[in-house]
Asks: 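Would you mind keeping the following structure in view while I ask a few things?
Note that the structure is predicted; figures quoted are calculated from it, not measured. Every chain is numbered from 1 and lettered A, B, ... according to where its sequence line falls, protein lines coming before strand lines.
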Amino acid sequence: MMTDHSEDTPRKKGPNFIEAIVEEDIRTGRDSGRVHTRFPPEPNGYLHIGHAKAICLDFGIAKKYGGKCNLRFDDTNPSKEDVEYVDSIKEDIRWLGFDWEDREYYASDYFGQLFAFAEELIRKGLAYVDDQSSEEMAAQKGSPTVAGTESPYRKRTPEENLDLFHRMNAGEFPEGSRVLRARIDMASPNMHMRDPVIYRILFHPHHRTGEAWKVYPMYDFAHGQSDYFEGVTHSLCTLEFEVHRPLYDWLVEHLKEDSYRPRQTEFNRLNLTYTVLSKRLLLALVKEGKVKGWDDPRMPTLTGLRRRGYTPESIRNFNDSIGYTKVMATNDVGLLEFAVREDLNKRAPRVMAVLDPLKVIITNYPEGKVEDMETINNPEDESMGSRTIPFTREVYIERGDFMEDPPKKYFRLGPGREVRLKSAYIIQCEDYKKDETGKVTEVYCTYDEATRSGGSQADRKVKGTLHWVSATHALEAEVRLYDRLFSDPEPGGHKDKTPMDFLNPDSLTVVKAYVEPSLKQANPLDHFQFQRLGYFNLDPDSRPDQLVFNRTVTLRDTWGGGN
RNA sequence: UGACCCGUGGUGUAAUUGGCAACACGUCUGAUUUUGGUUCAGAAGAGUCCAGGUUCGAGCCCUGGCGGGUCAACCA
């Protein structure tokens, strides 16, 4: 069934385990029944479809239960972050269809409160300054199976620690020379509880606070506390943070002044076949020039998918369909493509385009005659109306739509065969011409005037219907055909190979095509279904005198005979 | 060989307080079609990682295995 996927009538599904938790919290009156989530990106790169999964959850839960969702930039590491990313992230979230209203926050907004909280921990003897190198501390940390040993600085007095911490922030000590650690348990079976570093010295200017601070909180020290400051009730994050939860809770427990405390719940991160979603790899693809940029249509970034022609609705529906669990899952990218086709099938007007032209000359059609043939824009949506396309004596059809010696189940053009030219006439192949290499160069046909679309013989059945464009009216266009960027289903799942070893050399193919004249009026990012060829959109680089189209996704191909 | 998490058709998810394993994608038929698309009708495909236990009855509960993931950044 695919009748109820529109925005107004979402798929009927039972609550996922996170919704079940939220519903239980509401039922028991936890936090007075408030539901408040947050989406917390670090502004150090572009958002990709994996982030979309988190965004749909964070904003989706808030919307479903009448709560709020904050946008919070987790900007605790100035050496990696930049305003460029802040802007792109905001744009991408809006494009996806979500709104944080006036709740745009930054972890850096809380640097003052966080610093004060650190001082409090120091006074309570729950944090200390460590002068060792990171190597020394790593050695003392032990291993998952061997308990760690305590730092020689662990017994410093609160007074000394406070003084050192202030001087760290005053810039008196070089980067890397000292850190502030929480004093928890060096023998904990959970590595994150072995006196984790909570503050480090960084001299890199911060994109928002500039030179104001010389010490910056670590993720673990900033996240739960930021949740607390914002009144977040449900802090949803991905599975790899599961082992951080005890530390999250430990810190919040020491910070809270009332009964309210945010709670972290983890869900599975998105994995897609033939796709890499690690920021490191995506950055490498851009830096090494394997793709043209973050918005290259082959990239799984939201900006790339948008340029490719994917719609926000299709991405939201896709997220809806894959669900949220704690299972390490790998989703078939075909599911995403299905969601795109499903959406585009309803909204994309059908147009004529020929990617690999073969000239057909209709010998009994008058030279110089032009007929305007009416054709419907979208059979899925009558309200999209119709338009006319010019028909002439010479037209182009797809090279693959003619075979000299067609197999039995082939029902397109061949010697002596009849086909209908969509919205025009039935033609019959009388002859064809080949060049020295044996390549077919022209096909000669006759047309039956009575079979004109809407005419007296219009109902006559023939096996095939072909798309075509008038050879004298067609516009030349550049069409970019995209294939998967990686040739392996799990490019990241190999021991001695990197995803780069599986780069698909044919991920981009550029062809010169002929398209119907009406496309001159197309706007950037407009969607089209090129008859029998797939869904395309007009690239933002396109100019009226040089049309450029991207193939968003192919049509479902049920014919095993190839093309 | 520590802690935590996970294990249902090929893939991803469902399965009210234990009650004949459901849905989507994919695959395969057939019908319709001026798109080999769409739409429609139907089919195949798992007995729920394994072994015990509790129970009239277990995918759901218990025990023990096996398998997979995360964690030893002054990243998030």
Asks: Check whether the side chains of A/S151 and A/D130 place a donor and an acceptor atom closer than 3.5 Å, and report yes or no.
Replies: yes
Asks: Please determine if A/R38 and A/E230 form a salt bridge, counting it only when a charged side-chain N lies under 4.0 Å from a carboxylate O.
Replies: no
Asks: Look at the side chain of A/E380 and the base of B/U39, then say whether one donor and one acceptor between them are separated by less than 3.5 Å.
Replies: no
Asks: Among B/A72, B/U38, B/A76, which is the nearest nucleotide to the side chain of A/D74?
Replies: B/A76
Asks: Can you check whether A/F318 and A/F338 have ring centres sitting under 6.0 Å from each other?
Replies: no
Asks: Please classify the nucleic acid contact of A/M218 as base, sugar-phosphate, or nothing, using heavy-atom distances under 4.0 Å.
Replies: sugar-phosphate
Asks: Counting just side-chain N and O atoms, does A/N77 come under 4.0 Å of either OP1 or OP2 of B/A73?
Replies: no
Asks: Identify which nucleotide among B/U38, B/C71, B/C25 has an atom closest to any side-chain atom of A/M191, counting heavy atoms from C-beta outward.
Replies: B/C71
Asks: Base of B/U1, side chain of A/T145 - is there a donor-acceptor contact under 3.5 Å?
Replies: no
Asks: Please compare A/G464 and A/E81 by the position of their nearest nucleotide in RNA chain B and report the one closer to 5'.
Replies: A/G464
Asks: For A/T273, which contact category applies under a 4.0 Å heavy-atom criterion: base, sugar-phosphate, or nothing?
Replies: nothing
Asks: Going by the ring pair (Phe, Tyr, Trp, His ring centres under 6.0 Å) test, name the single residue among A/Y514, A/F549, A/Y535 that passes it with A/F530.
Replies: A/F549
Asks: Just by distance, with hydrogens left out, do A/D343 and A/Y310 show a side-chain donor and acceptor under 3.5 Å apart?
Replies: no
Asks: Please pick, from B/U34, B/G12, B/U11, the nucleotide with the shortest atom-to-atom distance to any side-chain atom of A/K461.
Replies: B/U34
Asks: Among the candidates B/U34, B/G12, B/G37, find the nucleotide nearest to the side-chain atoms of A/T558.
Replies: B/G37
Asks: Using atom C1' in both nucleotides, what's the gap between B/U48 and B/G10 to the nearest angstrom?
Replies: 16 Å
Asks: On a whole-Å scale, what distance lies between the P atoms belonging to B/C5 and B/G64?
Replies: 15 Å
Asks: Heavy atoms from C-beta onward define the side chain here; which of B/G36, B/U11, B/C4 lies closest to that of A/F411?
Replies: B/G36
Asks: Just to confirm, is there a sub-4.0 Å distance from OP1 or OP2 of B/C74 to any side-chain nitrogen or oxygen of A/R178?
Replies: no
Asks: With respect to the side chain of A/M328, which nucleotide from B/U13, B/A76, B/G69 is positioned closest?
Replies: B/G69
Asks: Base, sugar-phosphate or nothing for A/T325? Non-hydrogen atoms, less than 4.0 Å.
Replies: sugar-phosphate
Asks: OP1 or OP2 of B/A3 versus the side-chain N and O atoms of A/S188: is any pair under 4.0 Å?
Replies: no
Asks: Look at the aromatic rings of A/F221 and A/F117 and report parallel, tilted or perpendicular, splitting at 30° and 60°.
Replies: parallel
Asks: Which nucleotide in the set B/U34, B/G12, B/A72 lies at the smallest distance from any side-chain heavy atom of A/S143?
Replies: B/A72
Asks: If you check the A/V243 side chain, which of B/U35, B/C4, B/U13 turns out closest?
Replies: B/C4
Asks: Please evaluate the base of B/U35 for a donor-acceptor partner in the side chain of A/Q531 within a cut-off of under 3.5 Å?
Replies: yes
Asks: In whole angstrom, give the distance that lies between atom CG of A/L555 and atom C1' of B/G36.
Replies: 10 Å
Asks: Taking atom P of B/U35 as reference, at what distance in whole Å does atom NZ of A/K463 sit?
Replies: 17 Å
Asks: Quantified in whole Å, what is the C1' atom distance between nucleotide B/C20 and nucleotide B/A46?
Replies: 15 Å
Asks: Between B/C50 and B/G59, how many Å separate the two C1' atoms, rounded to a whole number?
Replies: 14 Å
Asks: Measure the distance from CG on A/D185 to C1' on B/A3 and round it to the nearest whole Å.
Replies: 12 Å
Asks: Is A/T465 touching bases, backbone alone, or none of the nucleic acid, heavy atoms closer than 4.0 Å?
Replies: sugar-phosphate
Asks: Does B/G36 have OP1 or OP2 under 4.0 Å away from a side-chain N or O of A/R532?
Replies: yes
Asks: To the nearest angstrom, how far is A/Y274 atom OH from B/C25 atom P?
Replies: 20 Å
Asks: Expressed as a whole number of Å, how far does the C1' atom of B/A43 sit from that of B/U34?
Replies: 30 Å
Asks: Report the distance from atom CZ of A/F221 to atom P of B/C74, rounded to the nearest whole Å.
Replies: 16 Å
Asks: Only one of A/I201, A/L164, A/V215, A/L180 clears side chain to side chain contact (heavy atoms under 4.5 Å, CB included) with A/N169; which?
Replies: A/V215
Asks: What interatomic distance, in whole Å, is found between C1' of B/C49 and the corresponding atom of B/G7?
Replies: 6 Å
Asks: Under 4.0 Å from OP1 or OP2 of B/A76: is there any side-chain N or O of A/R200 that close?
Replies: yes
Asks: If the test is ring pair (Phe, Tyr, Trp, His ring centres under 6.0 Å), which one of A/Y425, A/Y447, A/F391, A/F402 qualifies with A/W468?
Replies: A/F391
Asks: From the list B/C74, B/C25, B/G2, which nucleotide is the closest neighbour of the side chain of A/P144?
Replies: B/G2
Asks: Ignoring hydrogens and angles, answer whether the base of B/A76 and the side-chain atoms of A/H244 contain a donor-acceptor pair closer than 3.5 Å.
Replies: yes
Asks: RNA chain B: A/D75 or A/R420, which has the more 5' nearest nucleotide?
Replies: A/R420
Asks: Nearest whole angstrom, please: distance from the C1' of B/G69 to the CD of A/E266.
Replies: 13 Å
Asks: Using the C1' atom in both, what is the distance from B/G18 to B/G9, to the nearest Å?
Replies: 23 Å
Asks: Contact class for A/N331 vs. all strands (heavy atom < 4.0 Å): base, sugar-phosphate, or nothing?
Replies: sugar-phosphate
Asks: Using the C1' atom on both, measure B/A14 against B/A22 and round to a whole Å.
Replies: 6 Å
Asks: So which nucleotide from B/A76, B/C75, B/C74 ends up closest to the side chain of A/V179?
Replies: B/C74
Asks: Using the purine O4'-C1'-N9-C4 or pyrimidine O4'-C1'-N1-C2 torsion, is B/G47 syn (within 90° of 0) or anti?
Replies: syn
Asks: In this structure, how many angstroms lie between the P atom of B/G36 and the CZ atom of A/R412, rounded?
Replies: 8 Å
Asks: Roughly, in whole Å, what's the span from CZ in A/R556 to P in B/G36?
Replies: 13 Å
Asks: Report yes if at least one side-chain N or O of A/K409 is closer than 4.0 Å to OP1 or OP2 of B/G36; otherwise report no.
Replies: no
Asks: Are any of the side-chain heavy atoms of A/Y85 and A/H207 separated by less than 4.5 Å?
Replies: no
